[in-house]
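One structure, pasted below without further comment.
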Amino acid sequence: MKKRFKKVKIFAAALGITLAVQAVPIHADSVHVTKEGDTYYTLSKQLGVNMNQLMNANPNVQATNIYEGIKLNIPGDNTMKAYADADSASTITTASLNVNSDQKVVEAWGKTFTYNKTLNVKATAYSAAASENGKWGAVDYFGNPLELGTIAVDPSIIPLGTKVLVTGHNFEGLPKKAFVATARDTGSAIKGNRIDIFVPGSQQSVSNFGFQDVQLYFIK
């Protein structure tokens, strides 16, 4: 959904998106074939592995370019147990969300955040596709690679660098109920009480997000 033009200089090497599926190294404990909507974050929760270890085990697969059919190497001894417990995966990936408006405190995923204000916005989602990111490629306003937790905003409403807890969304490619995001991007179509949420995945799958009403907690 995002169309943007940035005045930043970015090395060409930062613009590439690796499309190759890596071969399975000898040390891999297991292999997972991705489906639409999979992200390193959701897989780390479902499979019971550390997200950084999962990413390190798959250096040729960028977080911004996970699509259906990729073979990911899954490290660790807990993999088979995680698959056996697949029926209970939703209890792992579902966040609790409790708000104490009197004390300006919100609890999500077992963590407690203090916030200074809330804002209701209309949300859309965008992918790493070139058609959504213009000539600069799959990078944010500052030239950093797009990643889960990046949102595009209208800086006059939400200053760049602002950290928020996003709640009220409903989409398979995002953590359930709540996730922390940072305003790192802008877009010509993102004006007023609007945000655009970066979601790793194909452009087709991300487009299913549509338009959603979400609530933001400006956390400290």
Side-chain angles (χ1 to χ4, degrees), residues 1-11 13-15 17 39-42 44 51-52 55 62-65 95 97 99-101 103-130 132-169 171 173-201 206 209 211-220:
M1 296 297 296
K2 177 169 64 61
K3 301 287 186 182
R4 71 183 190 281
F5 300 92
K6 310 188 198 68
K7 296 179 180 179
V8 293
K9 294 181 179 179
I10 304 169
F11 289 104
L15 304 182
I17 298 177
T39 67
Y40 279 129
Y41 181 88
T42 57
S44 70
M51 186 173 70
N52 289 331
M55 294 177 70
Q62 296 186 16
T64 56
N65 197 38
L97 182 63
V99 180
N100 186 326
S101 57
Q103 297 184 14
K104 298 281 186 162
V105 170
V106 56
E107 180 270 330
W109 293 100
K111 295 183 179 180
T112 300
F113 305 91
T114 57
Y115 66 93
N116 49 34
K117 67 175 181 178
T118 63
L119 182 67
N120 294 319
V121 300
K122 183 75 72 176
T124 51
Y126 67 106
S127 71
E132 295 185 89
N133 294 281
K135 64 180 180 179
W136 298 109
V139 294
D140 64 22
Y141 182 85
F142 302 101
N144 301 309
L146 294 172
E147 62 182 3
L148 187 66
T150 296
I151 57 173
V153 300
D154 180 345
S156 68
I157 303 297
I158 305 174
L160 288 169
T162 300
K163 186 173 289 189
V164 297
L165 188 71
V166 182
T167 68
H169 58 282
F171 191 64
L174 292 171
K176 297 181 185 298
K177 290 194 178 180
F179 67 96
V180 175
T182 305
R184 297 193 185 104
D185 213 350
T186 62
S188 60
I190 310 304
K191 302 298 181 184
N193 286 19
R194 281 281 311 278
I195 66 169
D196 212 7
I197 303 170
F198 173 71
V199 181
V206 173
F209 184 94
F211 290 84
Q212 298 188 23
D213 295 313
V214 302
Q215 185 173 37
L216 306 180
Y217 292 83
F218 289 65
I219 57 179
K220 302 175 181 179

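Quick caveat: nothing in here was measured; it's all calculated off a predicted structure. What you see below is based on every heavy atom in this structure, not just the backbone, and it leaves out hydrogens, waters and symmetry mates.
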- Query: Ile195 versus Leu216: any side-chain heavy-atom pair under 4.5 Å?
  - Reply: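 In contact.
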- Should Ile190 and Tyr126 be marked as a side-chain contact (heavy atoms from CB on, under 4.5 Å) after you check the CA-CA gap, both sets of side-chain angles, and the distance that decides it? CA-CA 12 Å; Ile190 310 304; Tyr126 67 106; over 6 Å; no
- Message: So Val106 and Asn100, do their side chains get closer than 4.5 Å, heavy atoms only?
- Response: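 Sidechains of Val106 and Asn100: no contact.
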- Is a side-chain donor or acceptor of His169 paired with a backbone partner of Asp213 at a separation under 3.5 angstrom?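 The answer is no, because no donor-acceptor pair under 3.5 Å joins these two groups.
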- Message: Does either side chain, that of Tyr217 or that of Asn116, offer a donor lying less than 3.5 Å from an acceptor on the other one?
- Response: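 Asn116 and Tyr217 do not have a side-chain donor-acceptor pair below 3.5 Å.
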- Do Thr162 and Val153 have side-chain heavy atoms sitting under 4.5 Å apart?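 A side-chain contact is absent here, since even the closest heavy-atom pair is not under 4.5 Å.
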- Side chains of Ser101 and Tyr115: closer than 4.5 Å at any heavy-atom pair?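 Yes. Closest side-chain heavy atoms under 4.5 Å.
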- Side chains of Thr124 and Arg194 in contact at under 4.5 Å (non-hydrogen atoms):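 Touching, per the 4.5 Å side-chain cut-off.
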- So is Lys117 actually on top of Phe218's ring, under 6.0 Å and inside 45° of the axis?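 Checked: cation-pi criterion met.
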- Item | Any side-chain donor near an acceptor of the partner, Thr150 and Asp185, under 3.5 Å |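 Absent: no donor and acceptor within the cut-off.
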- How long is the span from the CZ atom in Phe113 to the NZ atom in Lys163, to the nearest 0.5 Å?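 With rounding to 0.5 Å, CZ (Phe113) is 8.5 Å from NZ (Lys163).
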- Query: Do the non-hydrogen side-chain atoms of Leu174 and Leu148 ever get within less than 4.5 Å of each other?
  - Reply: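 Answer yes - side chains close enough.
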